[in-house]
Amino acid sequence: MNWDDTAPSTAEETADVPADRLVAADADGEENAVEAALRPKDLDEFVGQERVREQLDLVLKAARARGATADHVLLSGAPGLGKTTLSMIIAAEMGAPIRITSGPAIQHAGDLAAILSSLQEGEVLFLDEIHRMSRPAEEMLYMAMEDFRVDVIVGKGPGATAIPLELPPFTLVGATTRAGLLPPPLRDRFGFTGHMEFYAPVELERVIRRSAGLLDVEIEPEGAAEIAGRSRGTPRIANRLLRRVRDYAQVKADGVITREVAAQALGVYEVDARGLDRLDRAVLTALLKLFGGGPVGLSTLAVAVGEERETVEEVAEPFLVREGLLARTPRGRIATPAAWAHLGLVPPQQAGGSGQRGLFEA
Ligand SMILES: Nc1ncnc2c1ncn2[C@@H]1O[C@H](COP(=O)(O)OP(=O)(O)OP(=O)(O)O)[C@@H](O)[C@H]1O
Ligand SMILES: [Mg+2]
């Protein structure tokens with residue numbers, strides 16, 4: 001049998017993340033294990049995201065009451081907000097097994113057919129980074145989601161035949177950081193779409209206190225608040241900073257995380273009071289000191305900080321933009337007045353010439 005299709009696998013544009021990044025670096029094996037241990041196991045343990053949680057709770061309860069398989073669920077939102085965690089919770093709440101794969105791992109439609117045809121009834125198929133699936137696999141998925149059926153193509157060229165294959169009912173949980181990149185036909189086939197928001201500091205405090213309990217670390221409420229304020233609205237970052245602060249507390253203090261210990265530790269790791277790390281500050285500093293606050297092109301800015309264009313664009317900028325420190329304009333990147341204030345610098349307004357003042361005074 002020939003599972004092959006002729007579609008070339010699309011080139012992956014993965015941002016080159018420097019290994020020394022504390023808050024956004026890809027976790028290594030041990031960190032992955034800790035992360036898994038800290039995952040909430042059911043909806044009640046899952047902090048925040050009230051709306052998504054309530055809606056999902058209804059979807060799952062109703063499906064359970066009908067004795068049916070839950071509708072397909074799409075989860076979108078920035079990295080580290082809990083999409084993978086929630087997919088595992090969906091399976092747990094449905095008492096169903098979960099199969100985990102990702103868009104980039106499915107090179108050919110045949111890869112997907114193999115996975116789909118081996119699913120058990122009611123199983124949850126978690127498809128991470130669903131926006132990075134190949135086109136033929138995506139088209140196969142349309143039919144599988146809607147009719148629980150796939151056409152397996154056997155042979156090549158004019159002699160190729162499509163053999164229909166029935167699938168057991170299953171629940172697809174798709175996750176994406178880029179919902180906008182999903183083709184509408186795919187988006188429309190999900191019965192429920194949950195968009196994950198960034199977390200409020202009080203919610204992150206709860207995440208941190210819960211994780212500290214699991215890690216058996218003593219933490220004062222002010223210590224949790226200090227870490228939460230620097231965690232960029234993201235539980236994964238909150239948990240990672242907590243582990244670094246714990247290290248510091250063990251080595252330099254008596255193991256208890258107070259506000260002072262947290263602040264000192266995060267100072268050592270170059271995470272500032274607003275959650276900016278070394279790369280974020282390097283980008284801002286270059287923008288202010290070398291280019292007078294801009295506008296400057298992305299490539300120039302990237303060269304100035306010695307990073308890849310994608311790293312600056314995808315790792316540093318989203319947070320800087322969200323914090324209102326940097327703006328992307330058609331003419332290039334510009335710093336906002338808040339950026340000058342954050343780095344304690346004075347904008348060279350009187351020198352004039354850049355014309356950017358007008359942008360903020362209008
Ligand atoms: N609502 C939450 N309550 C408590 N902890 C959470 C919550 N959301 C996420 N976490 C923690 O944050 C970590 C990262 O979450 P998760 O892996 O689910 O994010 P993700 O959205 O799948 O990220 P990515 O887009 O990078 O795959 C997990 O280890 C989990 O412990
Ligand atoms: Mg994930």
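Indexing begins at 1, ligand by ligand and atom by atom, following the structure's order. A quick note: this is a predicted structure, and the numbers were derived from the prediction, not measured. Numbering starts at 1 and runs along the sequence shown.
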Worksheet item: For atom 19 (O) of ligand 1, what's the nearest protein heavy atom and its distance?
Response: G82 N, 3.1 Å
Practice prompt. Considering only non-hydrogen protein atoms, determine which one is nearest to atom 26 (O) of ligand 1 and report residue, atom name and distance to 0.1 Å.
Written response: R236 NH1, 2.8 Å
Is it the side chain, the backbone, both or neither of [X] that has a heavy atom closer than 4.0 Å to ligand 1?
X	result
T177	side chain
P79	both
N239	side chain
L81	backbone

Item to complete: Determine, step by step, whether R210 and E45 satisfy the salt bridge (Lys or Arg N to Asp or Glu O under 4.0 Å) criterion, reporting the C-alpha distance in whole Å, the side-chain angles of both residues, the deciding distance to 0.1 Å, and the verdict.
Response: CA-CA 9 Å; R210 175 180 173 276; E45 271 187 68; 2.5 Å; yes
Using distance alone, decide if ligand 1 has a nitrogen or oxygen within less than 3.5 Å of any nitrogen or oxygen in [X].
X	value
E45	no
G80	yes
P40	no

Discussion item. Does the plane of the ring in F148 sit parallel, tilted or perpendicular to the ring in H72? Use 30° and 60° as the thresholds.
Written reply: tilted
Which of the atoms in ligand 1, numbered in the order shown and given with their element, are less than 4.0 Å from a heavy-atom of [X]?
X	answer
Y199	1 (N), 2 (C), 7 (C), 8 (N)
T85	15 (O), 16 (P), 18 (O), 28 (C), 30 (C)
P235	6 (C), 7 (C), 8 (N), 9 (C), 10 (N), 11 (C), 12 (O)
F46	1 (N), 2 (C), 7 (C), 8 (N)
T84	17 (O), 18 (O), 20 (P), 22 (O), 27 (O)
V47	1 (N), 2 (C), 3 (N)
L38	31 (O)

Worksheet item: Any ion pair linking E129 and R178 (charged N to carboxylate O, less than 4.0 Å)?
Response: no
Fill in: Electrostatic pair R64-E93, nearest N-O below 4.0 angstrom
yes
Discussion item. Tell me whether the NZ or CZ atom of R189 lies within the 45° cone about the ring axis of Y142 and under 6.0 Å from its centre.
Written reply: yes
Worksheet entry | Stacked cation flag R99 on F126, 6.0 angstrom / 45 deg | no
Worksheet entry | The one among R206, M88, E35 that brings a heavy atom closest to atom 28 (C) of ligand 1 | E35
Item to complete: Counting heavy atoms only, name the option from K83, E129, R210, Q49 that's nearest to atom 25 (O) of ligand 1.
Response: K83
Decide yes or no for [X] and [Y]: does some side-chain heavy atom of the first lie under 4.5 Å from some side-chain heavy atom of the second?
X	Y	answer
L86	V52	yes
P97	Q120	yes
F192	L74	no

Item to complete: Flag T85 as yes if one of its N/O/S atoms falls below 2.8 Å of the Mg ion (ligand 2), otherwise no.
Response: no
Worksheet entry | Main-chain N/O of R236 paired with N239 side-chain donor or acceptor, under 3.5 Å | no
Fill in: M88 backbone acceptor or donor facing R39 side chain under 3.5 Å
no
Item to complete: Can you measure from CZ (R230) to CG (D277) and round to the nearest 0.5 angstrom?
Response: 12.5 Å
